[in-house]
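Naming: A, B, ... by sequence-line order, numbering from 1 per chain.
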Amino acid sequence: MALTFYNTLTRQKEVFQPLDAAHVRFYVCGSTVYDLPHVGNARPVVVFDVLYRLLRRLYPRVTYVRNVTDIDDKINARAKENGESIRDLTERTLLAYQADMAALGALTPTVEPRATEHVAEMIAMTLTLIAKGHAYLADGHVLFSVPSMPDYGALSGRNRDEMIAGARVDVAPYKRDPADFVLWKPSGADIPGWESPWGRGRPGWHIECSAMAEKHLGHPFDLHGGGLDLIFPHHENEIAQSVCAHQAPFVGLWLHNGMVEMNDEKMSKSLGNVLTVREMLGEAPGETIRLTLLTAHYRQPLNFTRDSLSQSKQVLDRFYRALRPHRALVVPDDLPLPAGVLAALEDDLNTPQALAELHALATDLNKAASEGAKVEAKAALLGGGSLLGLLAADPEAWLRGGATTSGLADGEIQALIDARIEARGARDFQEADRIRDRLRRQGIEIEDGPKGTQWRRVG
RNA sequence: GGCCCGGUGGCAGAGUGGUCAUGCAGGGGCCUGCAAAGCCCUGUACGUCGGUUCGAUUCCGGCCCGGGCCUCCA
């Protein structure tokens with residue numbers, strides 16, 4: 001099956017045709033580093049991590065760029081509020097972000113460019129836009145002239161008049177057109193600023209992505225991703241800048257993930273209904289959070305609840321239970337790509353379908369009779385899992401390290417199990433059941449099998 | 001107000017013009033000393049009203065409901 005994606009630009013599914021089949025290049029909007037990332041911030045990271053894993057298996061070389069926004073007025077405000085330097089705030093937050101995303105099983109992108117390290121490129125692009133008549137200087141600001149670009153609005157599917165009609169914000173008096181947006185703005189002495197041809201100032205929000213994408217991926221490149229809420233104005237403006245600076249098409253394929261919701265409402269800091277990834281990592285393994293983010297198709301809204309988290313934990317338990325008895329079976333390092341999982345992901349990253357395939361593979365493994373069938377089934381399950389960034393943990397460790405902290409240490413558990421085995425050997429089932437009940441009350445479930453008694457923590 | 005998206009069985013959540021999602025929960029069986037796990041079987045689901053069709057949950061239109069964007073936002 002051909003790799004297919006729903007393109008926001010055309011609002012239909014299209015077969016993916018890389019500009020260079022030897023080297024696929026894509027860009028995803030990352031995070032503004034002023035606060036701990038919440039679960040909503042994590043969704044694009046996990047979703048596009050699956051995309052990255054898929055592309056790496058399909059193409060010889062993939063460059064994945066995810067930016068770090070460390071110039072932003074919210075950062076300035078937060079640093080002032082905290083009484084710490086901007087550098088300290090962004091450094092600390094970036095480290096937390098990277099740690100949290102790694103805990104969710106996200107691979108490190110090829111490049112994580114920072115805005116502060118690309119101001120020169122942004123100034124250069126701004127100069128180009130002025131030279132080409134797409135930007136102008138007004139009241140110390142450099143503004144992009146939206147009317148200078150006839151195609152403006154193609155991504156969000158709105159025309160300029162509609163935008164102006166629906167505008168809910170006062171238009172800055174220095175704008176020639178209400179839709180114009182800032183490329184560069186002046187900085188007062190108490191705000192970070194960089195020297196520029198227009199005096200000391202700082203870049204507008206959108207220009208960083210245009211400049212960093214160009215630097216690390218060239219122009220044009222294959223695919224651009226981000227949250228649905230970035231379509232307008234961020235991505236629209238990014239397109240305008242890049243297209244006008246180059247007088248050439250920018251990106252043909254745009255992917256946008258749906259929002260994470262709580263109580264059917266978008267999770268966002270401004271609404272105050274956020275759960276941070278860090279908070280959730282205290283309640284559930286990162287892999288459980290990751291799976292939860294993959295249970296719905298990436299373009300659908302995802303209602304995030306503790307209940308959905310425990311559902312995901314149950315699913316992972318099922319997979320790891322299937323794998324547990326086969327620890328000794330050696331599978332190839334180069335895991336196979338199960339056809340069903342691959343086909344599901346090639347169809348616009350249909351992760352729910354891919355998970356259904358994983359369930360079928362787990363059933364296959366549970367039913368496998370011969371040694372050869374077991375090896376094959378185990379490799380398939382792990383291979384499918386790796387494409388989704390799942391099932392890399394040691395099954396025994398996963399099952400014994402459940403969500404709740406039992407009062408019993410592993411040694412104590414084993415001692416009780418040994419005692420129970422002895423009782424069973426003596427056919428003292430009353431004693432054996434008493435021990436089992438005691439373990440169960442401590443959150444330990446035991447299973448008697450042909451290879452002896454195994455246990456796991458439930459919760 | 002403008003632009004966009006969605007409403008699937010108890011829950012989560014894919015998908016399809018006419019036999020199946022999948023998982024959890026529920027019911028029955030096999031296995032087990034009993035369990036647990038596993039395996040097998042098990043569900044009159046597709047917001048509503050019309051239209052197209054031999055046939056619609058799936059296509060089209062109206063309506064109702066929910067969400068997103070239009071301002072920072074993943």
Under a 3.5 Å cut-off for both distances, is B/rC59 Watson-Crick or wobble paired, and to whom? B/rG51
Go ahead and name the base partner of B/rG9; Watson-Crick or wobble counts if both distances stay under 3.5 Å, otherwise write none. none
Select base, sugar-phosphate, or nothing to describe what A/Gln454 touches, counting heavy atoms under 4.0 Å on all strands. nothing
Once you apply a heavy-atom cut-off of 4.0 Å, does A/Gln314 come out as touching a base, just sugar-phosphate, or nothing? sugar-phosphate
Scan nucleotides 35-42 of chain B nucleotide by nucleotide, 5' to 3', and note B when protein non-hydrogen atoms come under 4.0 Å of the base, S if they reach only the sugar-phosphate, - if neither. BBSSSS--
Taking the nucleotide of RNA chain B with the nearest heavy atom to each, does A/Gln430 or A/Tyr34 sit closer to the 5' end? A/Gln430
Tell me what A/Asn41 touches on the nucleic acid: a base, only sugar-phosphate, or nothing, going by heavy atoms under 4.0 Å. base
Which part of the nucleic acid, if any, lies within reach of A/Val28 when heavy atoms closer than 4.0 Å are counted: base, sugar-phosphate only, or nothing? nothing
Given that both distances must come in under 3.5 Å, which nucleotide forms a Watson-Crick or G-U wobble pair with B/rC3? B/rG68
Between A/Phe319 and A/His359, ring centroids under 6.0 Å: yes
Touch class at under 4.0 angstrom, heavy-atom based, for A/Thr295 against every strand present: sugar-phosphate
Would you mind classifying the nucleic acid contact of A/Gly226 as base, sugar-phosphate or nothing, using non-hydrogen atoms under 4.0 angstrom? sugar-phosphate
Pick the P atom in B/rG6 and in B/rG61, then give their distance to the nearest Å. 13 Å
Under 4.0 angstrom between A/Lys313 side-chain N/O and B/rC24 OP1 or OP2: no
